[in-house]
Amino acid sequence: MRIRKKKWAAPELSVCDFFVKNPEENAGKWRDAFKKNQPLCLEIGCGKGGFAGQFALQNPDINLIAVDIKIDMLGVGRRTIVKLFEENGKTQYDIDNLLLVNYNVEQLDKIITPEDRIERLFINFCNPWPRERHKKRRLTYPRKLEMYKSFLSPDAEIRFKTDDDGLFEESVEYFNECGYEITYITRDLHQSGFEGNIMTEHEKMFSDEGKKIKFLIAKQK
Ligand SMILES: C[S@@+](CC[C@H](N)C(=O)[O-])C[C@H]1O[C@@H](n2cnc3c(N)ncnc32)[C@H](O)[C@@H]1O
């Protein structure tokens, strides 16, 4: 996703209580980085923060780390999340179950380790990278699915959704190749009867265009 430079993003994040300035320092200790010790989930490629904000609001008894490689995206995310909390009668100081992290998923195992025991991983509308030579950049590419195992708890779920048919079908193969079991799959999430879906910015955009949303849940065998 392209985003215009936001000069205000880094300064606002630098004084934000739920933005992590030095994520390396939390490696193996993410559970202590939150106010409450409760189940820990991770969203990668969180973009403009709509999913993370809604998830945090709806699940005060779950902690969420939301990661994106682009600081400007996280700046927009911070504003989105604060607005969501304020619309629900809270303030930014009530945001104690969500942390924003600026990091490249390619190197995520440097900051999230087996001790962190992530219980659910969300991959929402990652870039499809359709060209053969770029596919290894996909957040579902086998090398990454193997890396995620290093910090997922044994019964953790990966929840993956996309509008992109090629990415979805090839990702099904990647999950199978890497020894994950697909426990739920639909190629039309919004007509599937699946309950509790939280729409992301891209999901709204693509479904408004009439595209069907593909979704799966995978677990390690
Ligand atoms: C297509 S957008 C989807 C955003 C959001 N999840 C949604 O559904 O609306 C993909 C996001 O992944 C982020 N991203 C891409 N590659 C990444 C990487 N290697 N590490 C972290 N974030 C990445 C991009 O900056 C962008 O915000």
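In each ligand, atom 1 is the first atom listed, and ligand 1 is the first ligand listed.
Judged by distance alone, the side chain of Asp164 and the main-chain N or O of Gly166 form a donor-acceptor pair under 3.5 Å. Without hydrogens or angle criteria, Thr162 side chain to Phe168 main chain gives no donor-acceptor distance under 3.5 Å.
Note on ring orientation: taking the six-membered ring where Trp is involved, the planes of Trp129 and His134 are perpendicular (angle over 60°, cut-offs 30° and 60°). Taking the six-membered ring for Trp and thresholds of 30 and 60 degrees, Phe151 and Tyr148 have ring planes inclined between 30 and 60 degrees apart.
Of all the heavy atoms of Phe51, none lies under 4.0 Å from any atom of ligand 1, so neither backbone nor side chain is involved.
The existence of a salt bridge linking Lys5 and Asp72 is confirmed by a sub-4.0 Å separation between a basic side-chain nitrogen and an acidic carboxylate oxygen.
Here is the list of ligand 1 atoms found below 4.0 Å of a heavy atom in Met73: 27 (O). For ligand 1 and Gly47, the ligand atoms under 4.0 Å from any heavy atom of the residue are 4 (C), 27 (O). Near Tyr103, meaning under 4.0 Å from one of its heavy atoms, ligand 1 places the atoms 20 (N), 21 (C). In the vicinity of Phe125, heavy-atom distances shorter than 4.0 Å reach the ligand 1 atoms 1 (C), 2 (S), 3 (C), 8 (O), 10 (C). Heavy-atom contacts of Asn127 reach the following atoms of ligand 1: 10 (C), 12 (O), 15 (C) (cutoff under 4.0 Å). If you number the atoms of ligand 1 from 1 as listed, the ones under 4.0 Å from a heavy atom of Val105 come out as 18 (C), 19 (N), 20 (N), 21 (C). Below 4.0 Å from some heavy atom of Asn124 lie the following atoms of ligand 1, by number and element: 3 (C), 5 (C), 6 (N), 8 (O). Atoms of ligand 1 found under 4.0 Å from any heavy atom of Thr200 (numbered from 1 in listed order, with element): 7 (C), 8 (O), 9 (O).
In terms of polar-atom proximity, Glu106 is not counted as a contact of ligand 1, lacking any N or O under 3.5 Å from an N or O of the ligand. Taking any N or O of Asp68, backbone or side chain, at least one lies under 3.5 Å from an N or O belonging to ligand 1. Polar contact check, His202 against ligand 1: a nitrogen or oxygen pair lies under 3.5 Å apart.
Between Asn104 and ligand 1 there is a heavy-atom distance shorter than 4.0 Å.
Counting heavy-atom neighbours within 6.0 Å of Lys212 NZ, excluding the residue itself, gives a total of 12 or less. For NZ of Lys21, the number of neighbouring non-hydrogen atoms (other residues, nucleotides, ligands) closer than 6.0 Å is greater than 12.
For the pairing with Gln38, the side-chain hydrogen bond (donor to acceptor under 3.5 Å, both in side chains) check across Asn97, Asn59, Asn63, Asp61 returns one residue only, Asn63.
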